[in-house]
Amino acid sequence: MLRLRLLTWDVKDTLLRLRQPVGHSYAAEARAHGLQVQPEALARSFGEVYGAQSRRLPNYGHGQGLSSRQWWLDVIKQSFRLSGVQDEAALTKLAEKLYRDYCGSHNWEVLPGAAETLSRCRELGFRMGVVSNFDNRLEVILSQCDLRHHFEFVLTSEAAGFAKPDGRIFEQALQLGGVRPEQAAHIGDDYSRDYRAARAAGMHSFLLRAAGQGEGPELPPEHVLPTLSHLLARIEKG
């Protein structure tokens, strides 16, 4: 059995997922403002804008003096502009509303087995924290989704100043947890940012790889979680 004291968790697509694709929720909000924009067009635009913004201003513009709110408002407005909306007053209202809306549980849902697994881990005495490439809305989102109480700390890339796979965010998490790397394990759904990065920091890690996600790098089977409910059995066998 792995001698673990601390479990750290990714959030998006590990514990929580969006209730509907971004294009659909953006299009629905546009309709509420009297604008007709196709969800597919918004999805394409968002993907393009988000990718470009992340490359140009990584980690929500932290190193360039931006707030994550400014970063996101710009992404939302650019996504709509690229989809044909040029009304600047409407863009400002849309961006502000969507930024607020993504704080709530009406846009996020808990993945199957997540709440039960977190509860069981706490019952077994594991200390737990979050390590996520997310902005400062994450505390509110976790609270709204009734998960925040499971964690001693929530460390976002915005707060840390570093985004996974940078090992310094894991070092901060270990300091917050007061444990050595070999006493901690990280759980996430991304091979590079979660599984490999945590191991590079000296931690144990498990990769959530649900059926139908496609094949990734070959990993030891005991490091792969088909569902979150497999976690405790993997820890016991480790």
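Since this is a predicted model, take the numbers as computed values, not measurements. Along the sequence shown, the residues carry numbers beginning at 1.
The shortest distance between side-chain heavy atoms of Phe151 and Leu118 falls below 4.5 Å. In this structure the side chain of Leu6 never reaches within 4.5 angstrom of the side chain of Phe126, judged on heavy atoms. Considering only heavy atoms from C-beta on, Arg122 comes within 4.5 Å of His149 through its side chain. Using a 4.5 Å heavy-atom threshold, the side chains of Cys103 and Arg100 count as separate. Using a 4.5 Å cut-off on side-chain heavy atoms (C-beta onward), Leu231 and Cys121 make contact. Looking at Val154 and Leu142, their side chains come closer than 4.5 Å, going by heavy atoms from C-beta outward. Using a 4.5 Å heavy-atom threshold, the side chains of Leu7 and Ile235 count as touching. Contact annotation: the side chain of Leu91 approaches that of Val85 to within less than 4.5 Å [non-hydrogen atoms, C-beta and beyond].
Not a single donor-acceptor pair under 3.5 Å links the side chain of Ser105 to the backbone N or O of Trp108. Under a 3.5 Å cut-off, the side chain of Lys77 and the backbone N or O of Thr92 do not form any donor-acceptor pair. Between the side chain of Arg199 and the backbone N or O of Ser205 there is at least one donor-acceptor pair closer than 3.5 Å. Under the 3.5 Å distance criterion, the side-chain polar atoms of Asn107 are matched with a main-chain donor or acceptor of Asp101. Using modelled atom types, no side-chain atom of His62 and backbone atom of Pro58 make a donor-acceptor pair closer than 3.5 Å.
Between Trp71 and Tyr50, the gap from one ring centroid to the other is short of 6.0 Å.
Leu18 and Val75 fall within a single hydrophobic cluster, where Ile, Leu, Val, Met, Phe, Trp and Tyr side chains are chained together by heavy-atom contacts under 4.5 Å. Leu94 and Val49 fall within a single hydrophobic cluster, where Ile, Leu, Val, Met, Phe, Trp and Tyr side chains are chained together by heavy-atom contacts under 4.5 Å. Under the 4.5 Å side-chain heavy-atom criterion for ILVMFWY residues, no single connected hydrophobic cluster contains both Leu176 and Leu138. No chain of hydrophobic side-chain contacts below 4.5 Å, direct or via other Ile, Leu, Val, Met, Phe, Trp or Tyr residues, connects Val130 to Phe153.
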Would you please test Leu228 and Leu15 for side chain to side chain contact (heavy atoms under 4.5 Å, CB included) and show each step? CA-CA 9 Å; Leu228 288 178; Leu15 298 174; 4.0 Å; yes
Assess the residue pair Met128 and Trp9 against the criterion (side chain to side chain contact (heavy atoms under 4.5 Å, CB included)); give the C-alpha distance rounded to whole Å, side-chain angles, the decisive distance to 0.1 Å, and a yes or no. CA-CA 8 Å; Met128 295 200 292; Trp9 296 80; 3.3 Å; yes
Verify side chain to side chain contact (heavy atoms under 4.5 Å, CB included) between Val37 and Tyr26, making sure each step is shown before the conclusion. CA-CA 9 Å; Val37 191; Tyr26 278 30; over 6 Å; no
Side chain to side chain contact (heavy atoms under 4.5 Å, CB included) between Tyr60 and Leu66, intermediate numbers included: CA-CA 7 Å; Tyr60 311 108; Leu66 281 184; over 6 Å; no
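Considering only residues two or more places apart in sequence or on other chains, Arg81 meets the salt bridge (charged side-chain N to carboxylate O under 4.0 Å, His left out) condition with Glu88. Glu158 pairs by the salt bridge (charged side-chain N to carboxylate O under 4.0 Å, His left out) definition with nothing, not counting sequence neighbours. Legend: residues meeting side-chain hydrogen bond (donor to acceptor under 3.5 Å, both in side chains) with Arg31, ordered by chain and number and at least two apart, are absent. The side-chain hydrogen bond (donor to acceptor under 3.5 Å, both in side chains) search around Ser119 returns none, not counting sequence neighbours. Among residues two or more places apart in sequence or in another chain, the salt bridge (charged side-chain N to carboxylate O under 4.0 Å, His left out) test is passed with Arg168 by Asp166. Residues satisfying the salt bridge (charged side-chain N to carboxylate O under 4.0 Å, His left out) test with Glu182, not counting sequence neighbours, are Arg180. Contacts of Tyr102 classified as side-chain hydrogen bond (donor to acceptor under 3.5 Å, both in side chains), with partners at least two apart in sequence or in another chain: Ser25. Taking the side-chain hydrogen bond (donor to acceptor under 3.5 Å, both in side chains) definition, one finds that Arg3 meets it with nothing, sequence neighbours left out.
Atoms NZ and CD1, from Lys164 and Ile169 in turn, are 7.0 Å apart once rounded to the nearest 0.5 Å. Of the inter-residue distances, the one linking Leu42 atom CG with Leu82 atom CG reads 9.5 Å to the nearest 0.5 angstrom. Here the CG-CG distance, from Leu98 to Leu73, works out to 10.0 Å after rounding to the nearest 0.5 Å. In this structure, Phe162 CZ and Glu171 CD are separated by 8.5 Å, a value rounded to the nearest 0.5 Å. A distance of 8.0 Å separates CD in Glu236 from CG in Leu124, rounded to the nearest 0.5 Å. For the atom pair Leu225 CG and Ile187 CD1, the distance stands at 7.5 Å (nearest 0.5 Å).
A salt bridge is defined here as a Lys NZ or Arg NE, NH1 or NH2 lying under 4.0 Å from an Asp or Glu carboxylate O, and Glu109 with Arg19 meets this definition. Ion pairing between Arg196 and Asp190 fails under the 4.0 Å rule for side-chain N and carboxylate O. A salt bridge does not link Arg209 to Asp189: none of the charged side-chain nitrogens sits closer than 4.0 Å to a carboxylate oxygen.
Grouped with Tyr191 in one hydrophobic cluster are Tyr195, Leu207, Leu219, Val224, the linkage being side-chain heavy-atom contacts under 4.5 Å among Ile, Leu, Val, Met, Phe, Trp and Tyr residues. The hydrophobic cluster analysis finds Leu111 isolated: no Ile, Leu, Val, Met, Phe, Trp or Tyr side chain comes under 4.5 Å of it, directly or through other members.
Side-chain contact annotation: Asp74 with Gln78, donor-acceptor N/O pair under 3.5 Å present. Side-chain contact annotation: His186 with Thr8, donor-acceptor N/O pair under 3.5 Å present.
With Leu2 as reference, His204 is the one residue of Gln183, Arg234, His204 to meet the side chain to side chain contact (heavy atoms under 4.5 Å, CB included) rule.
Listed by first and then second residue, the side-chain hydrogen bond (donor to acceptor under 3.5 Å, both in side chains) pairs that reach into residues 34-47 are Ser45-Ser83, sequence neighbours excluded. Listed by first and then second residue, the side-chain hydrogen bond (donor to acceptor under 3.5 Å, both in side chains) pairs that reach into residues 123-139 are Trp72-Asp135, Arg120-Glu123, Arg127-Glu152, Asp135-Arg137, Glu139-Arg148, sequence neighbours excluded.
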